[in-house]
Number of protein chains: 2
Amino acid sequence: MINSDDRKLVGQSVYEQLRSDIVTGKLSPGEKLKLNALRIRYSASVNTLRETLMRLVSDGFVLFVDQKGFSVKPVSTADLRELLELRQMLELSAVRKSMENKAGQMEWKSALISAHFRLNCIEKLMMEDEGSHVQAWEKADRDFHVTMVSHCGSQQLIRYHASVIELYMRYQVLALHRRPFRGQASVEEHQKLLKHLLDDETESVLTILDSHIQKGLFLPDAEKIPLKVKSKAIA
Amino acid sequence: MINSDDRKLVGQSVYEQLRSDIVTGKLSPGEKLKLNALRIRYSASVNTLRETLMRLVSDGFVLFVDQKGFSVKPVSTADLRELLELRQMLELSAVRKSMENKAGQMEWKSALISAHFRLNCIEKLMMEDEGSHVQAWEKADRDFHVTMVSHCGSQQLIRYHASVIELYMRYQVLALHRRPFRGQASVEEHQKLLKHLLDDETESVLTILDSHIQKGLFLPDAEKIPLKVKSKAIA
DNA sequence: AATCATAAAAAATTCTAAAGGCCTTTTATT
DNA sequence: AATAAAAGGCCTTTAGAATTTTTTATGATT
């Protein structure tokens with residue numbers, strides 16, 4: 001149900017599984033990633049795993065220390081705040097560019113409508129049946145925002161934004177296991193965003209987007225964020 | 001003479017060599033990276049090389065296609081412009097934060113002075129004897145700019161800025177093989193930057209920095225930038 | 001009890017060798 | 001000339017073993 005294509009290379013599929021397990025918290029923040037345990041859990045050889053983990057290190061999901069191996073990147077409120085701020089900087093700038101880029105607006109807007117439709121469907125589901133759609137919602141929400149910036153004309157900006165939003169969404173997913181979905185408010189914001197995007201009302205979009213991103217922020221009461229730090233068995 | 005620490009892991013050292021060879025153009029933009037050839041050239045096994053190359057893929061220096069292997073990321077004026085713009089966005093924002101962050105200013109300014117001194121030394125050398133110091137200058141210039149943003153308080157911002165500036169410096173190094181060093185002008189800009197940094201004159205710093213980054217831009221006449229595209233033997 | 005040294009166990013790093021798969025090119029056939 | 005079959009090259013992945021390093025356990029010393 002998650003993995004459709006069997007022709008996918010081992011490396012690619014392990015990469016996706018590992019990243020997904022980190023984002024959803026199946027691998028806890030801070031947890032040590034021992035190669036032998038992973039070898040069994042993901043049915044891949046040590047070499048393939050190292051290759052994959054190194055990618056995740058560069059992506060910011062995994063830490064690596066010489067001779068001591070890998071561990072899941074810990075979470076912290078400071079890190080979340082930093083990512084939020086970066087996301088705002090990159091996403092606002094990229095959305096502005098997307099809107100100012102007049103060529104190919106029709107295709108872009110059509111993609112926006114399509115992404116928004118999918119997001120809307122899943123948000124409705126989320127309001128009835130919370131937990132079971134978290135992952136689908138994460139993907140749909142990310143897709144919508146990625147589509148918004150996709151027309152900005154800068155591949156590098158798109159790349160860095162994608163990287164930041166992926167790290168950011170990890171916090172969203174982890175948080176959704178401990179607090180309810182924002183629900184109607186979020187749905188309305190997405191609705192408004194789409195409307196103003198289609199109507200070329202740049203400033204409205206940027207204003208709403210700015211606060212939309214801000215409101216997604218979930219700072220746990222104390223410093224509770226290190227959700228689980230004890231290393232649990234992984235094999 | 002380049003590698004001091006022999007205890008360094010093979011993977012780490014190969015990573016640095018490979019990246020350096022890409023930045024300096026010893027590996028040409030677009031060049032196919034065949035594992036067997038690399039295995040000989042870098043005295044490392046296929047596994048170690050794949051591990052390393054995957055890191056460079058995530059870092060943006062190498063391309064990877066399933067079943068077709070790796071190749072050096074091509075260069076283009078569009079890519080350079082994108083990186084320039086990203087660098088400006090991130091660096092200006094981070095330097096402002098660094099200057100507004102009042103804690104530990106003494107240590108920061110001391111690091112700035114130290115980095116500037118090294119840069120100044122090398123820039124003097126550069127004006128006499130061009131070619132032989134390109135790499136040292138690249139490092140010193142990058143160090144100075146990295147130090148400027150190092151006090152901004154956001155590890156993530158620092159990380160993304162470092163990533164962008166490394167990709168950007170590749171163009172600087174490649175360009176320095178075809179056009180003279182900017183010389184006195186650059187020296188004076190760095191001098192002014194330091195002065196205003198030490199005097200807490202934020203707006204002056206940002207103004208100078210903005211144009212300083214812009215002036216570093218070298219856009220070849222036509223679309224000549226693909227410096228060398230033919231794949232030369234690498235073993 | 002705290003500290004240090006030492007030995008044993010666990011984990012990481014890396015390489016070789018080899019099987020199997022995909023892609024491209026060459027060759028052969030219609 | 002078009003298409004099919006075969007060949008060769010390169011990528012992908014695994015397994016196993018040799019080294020080195022880190023961690024843990026144990027025991028001796030202060």
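The sequence lines fix the lettering, A, B, ..., with proteins before strands; numbering per chain opens at 1. Side chains are part of it too, since the values below use all heavy atoms of this structure and drop only hydrogens, waters and symmetry mates.
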Salt bridge (charged side-chain N to carboxylate O under 4.0 Å, His left out) partners of residues 50-64 of chain B, not counting sequence neighbours, each pair once |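 Every pair satisfying salt bridge (charged side-chain N to carboxylate O under 4.0 Å, His left out) with a residue in residues 50-64 of chain B: Arg50(A)-Glu51(B), Glu51(A)-Arg50(B).
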In whole angstrom, give the distance that lies between atom [atom1] of [X] and atom [atom2] of [N].
| X | N | atom1 | atom2 | value |
| --- | --- | --- | --- | --- |
| Lys34(B) | dG8(D) | NZ | P | 17 Å |
| Ile40(A) | dA10(C) | CD1 | P | 14 Å |
| Leu38(B) | dC15(C) | CG | P | 13 Å |
| Tyr42(B) | dC15(C) | OH | P | 15 Å |
| Leu53(A) | dA12(C) | CG | C1' | 12 Å |
| Tyr15(B) | dT13(C) | OH | P | 16 Å |

Establish, with yes or no, whether the OP1 or OP2 oxygen of dC11(D) is under 4.0 angstrom from a side-chain nitrogen or oxygen of Lys32(B).
-> yes
Glu82(A): salt bridge (charged side-chain N to carboxylate O under 4.0 Å, His left out) partners, not counting sequence neighbours | none
With a 4.5 Å limit on heavy-atom distance, are the side chains of Lys109(A) and Leu197(A) in contact?
-> no
Could you run down the sub-3.5 Å N/O contacts of the protein with nucleotides 12-15 of chain D?
unit_1: dT12(D); atom_1: OP1; unit_2: Gln67(B); atom_2: N; d: 2.9
unit_1: dT12(D); atom_1: OP2; unit_2: Arg50(B); atom_2: NH1; d: 2.4
unit_1: dT12(D); atom_1: O5'; unit_2: Arg50(B); atom_2: NH1; d: 3.4
unit_1: dT13(D); atom_1: OP1; unit_2: Val10(A); atom_2: N; d: 2.5
unit_1: dT13(D); atom_1: OP1; unit_2: Gly11(A); atom_2: N; d: 2.9
unit_1: dT14(D); atom_1: OP2; unit_2: Ser45(A); atom_2: N; d: 3.0
unit_1: dT14(D); atom_1: OP2; unit_2: Ser45(A); atom_2: OG; d: 2.7
unit_1: dT14(D); atom_1: OP2; unit_2: Thr48(A); atom_2: OG1; d: 2.5
unit_1: dA15(D); atom_1: N6; unit_2: Asn47(A); atom_2: ND2; d: 3.4

With [X] via ring-ring contact (aromatic ring centres under 6.0 Å, His included) - residues at least two apart:
| X | answer |
| --- | --- |
| Tyr15(B) | none |
| His133(A) | none |
| Phe144(A) | His116(A), His190(A) |

